[in-house]
2 protein chains.
Amino acid sequence: MWISLPSSYKDKKVISIGIASELTGLSERQIRYYEERKLIFPERSKGGTRKYSFGDIERLVDIANKMEDGMQTFEIRREEMKKSSVRNKMLRGQINAAFKMRE
Amino acid sequence: MWISLPSSYKDKKVISIGIASELTGLSERQIRYYEERKLIFPERSKGGTRKYSFGDIERLVDIANKMEDGMQTFEIRREEMKKSSVRNKMLRGQINAAFKMRE
DNA sequence: CGTGTAAGGAATTCTGACACG
DNA sequence: CGTGTAAGGAATTCTGACACG
């Protein structure tokens with residue numbers, strides 16, 4: 001199975017926290033807290049304001065659902081780390097495969 | 001030929017003017033002026049701040065190119081109106097076709 | 001633990017105007 | 001015509017803290 005790296009609009013960090021709040025239904029307080037708990041990683045402007053991508057918005061909605069299900073932040077983080085771990089392994093596999101093809 | 005109505009990320013108005021300025025390389029002054037000249041149509045937050053979509057960003061870049069080519073704002077607007085006129089005709093055509101199919 | 005809130009300050013954006021050309 | 005800028009004000013966002021539970 002092949003894994004691709006996403007790009008373009010979905011991953012451009014251009015959304016302020018106020019808009020993110022409207023889009024997700026979460027309070028700004030909640031969104032900042034999830035960042036504190038390492039569940040979300042916005043970029044910052046020079047002035048320090050947070051900037052989110054549509055991908056981040058999707059992740060926030062996902063987080064909101066899991067919180068509703070009674071999951072705690074550390075559990076959600078653990079789950080995400082597992083996923084990215086698997087993803088990294090697959091990417092390494094692809095890179096190795098690419099190198100082999102060059103031989 | 002079939003025309004489709006776009007949707008999702010590309011058309012959600014979520015980008016503030018500061019980010020729009022960074023993304024396009026245009027000054028905020030320029031972006032506001034093009035709105036005054038009816039070339040771009042951002043939404044507004046309750047408080048009155050402008051919100052642009054990625055589609056708007058593309059349009060701004062397009063406008064910037066045409067301005068560089070020496071085109072004037074009213075010419076660009078005229079050009080856009082022609083395009084949307086053609087598009088509307090085609091959409092009406094589709095709607096008519098759909099109605100005929102139901103008969 | 002997760003979230004609300006008041007507090008004070010800083011960054012961002014807004015409008016109308018004057019300037020230049 | 002198209003754009004820069006200084007001006008004053010309003011909207012937005014930031015952080016650290018206290019509160020509740």
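Protein chains get the first letters and strands the later ones, always in sequence-line order, with residue 1 at the start of each.
C/dT13 atom C1' lies 10 Å from atom CZ of B/Arg44, rounded to whole Å. A straight line from CD1 of A/Ile63 to C1' of C/dG2 spans 13 Å, rounded to a whole angstrom. For the pair B/Glu36 CD and D/dG4 P, the interatomic distance rounds to 14 Å; values are reported in whole Å. Regarding B/Ile17, its CD1 atom lies at a distance of 11 Å from the C1' atom of C/dT12, rounded to whole Å. Taking atom CD1 of B/Ile31 as the reference point, atom C1' of D/dG2 lies 14 Å away to the nearest angstrom. Taking atom CZ of residue B/Arg32 and atom P of nucleotide D/dT3, one finds them 14 Å apart after rounding to whole Å. C/dG2 atom P lies 9 Å from atom CD of A/Glu75, rounded to whole Å. In this structure, B/Leu39 atom CG and D/dG2 atom C1' are separated by 12 Å, rounded to whole Å.
For C/dG2, the paired base is D/dC20 (Watson-Crick or G-U wobble, both distances below 3.5 Å). Across all strands shown, D/dA7 pairs with C/dT15; the Watson-Crick or G-U wobble distances both stay below 3.5 Å.
When the side-chain nitrogen and oxygen atoms of B/Tyr33 are compared with OP1 and OP2 of D/dG2, one or more of them lie within a distance under 4.0 Å. At the phosphate of C/dC14, OP1 or OP2 sits under 4.0 Å from a side-chain N or O atom of B/Arg50. For the pair B/Thr49 and C/dT12, the criterion of a side-chain N or O lying under 4.0 Å from OP1 or OP2 is not met. Listed pair B/Ser16 / D/dT12 fails the phosphate criterion, with no side-chain N or O lying under 4.0 Å from OP1 or OP2. For A/Tyr34, no side-chain nitrogen or oxygen approaches OP1 or OP2 of C/dG2 to under 4.0 Å.
The nearest heavy atom of DNA chain D to B/Lys46 and to B/Arg37 marks one nucleotide each, and the one closer to the 5' end goes with B/Arg37.
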Pairs under 3.5 Å (N/O, protein and nucleotides 5-9 of chain D):
from: D/dT5; atom 1: O4; to: B/Arg29; atom 2: NE; distance (Å): 3.3

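Atom-to-atom distance recorded for A/Thr24:OG1 and A/Tyr34:OH is 9.0 Å, nearest 0.5 angstrom.
Using modelled atom types and a 3.5 Å distance limit, the side chains of B/Tyr33 and B/Arg29 yield no donor-acceptor pair.
Test A/Glu28, A/Glu22, A/Lys51 against A/Ile17 for side chain to side chain contact (heavy atoms under 4.5 Å, CB included) and you get one pass: A/Glu28.
Side chain of A/Ser85 to main chain of A/Met81: no donor-acceptor pair is present (N/O by atom type, distance under 3.5 Å, no hydrogens or angles).
For A/Glu80 and A/Lys66, the salt-bridge test passes: some basic side-chain N is under 4.0 Å from an acidic carboxylate O.
Nearest heavy atom pair, residue B/Ile76 against residue B/Met71, reads CG1-SD, 3.7 Å.
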Check step by step if salt bridge (charged side-chain N to carboxylate O under 4.0 Å, His left out) holds for B/Glu35 and B/Arg50. CA-CA 10 Å; B/Glu35 176 182 358; B/Arg50 274 167 265 250; 2.8 Å; yes
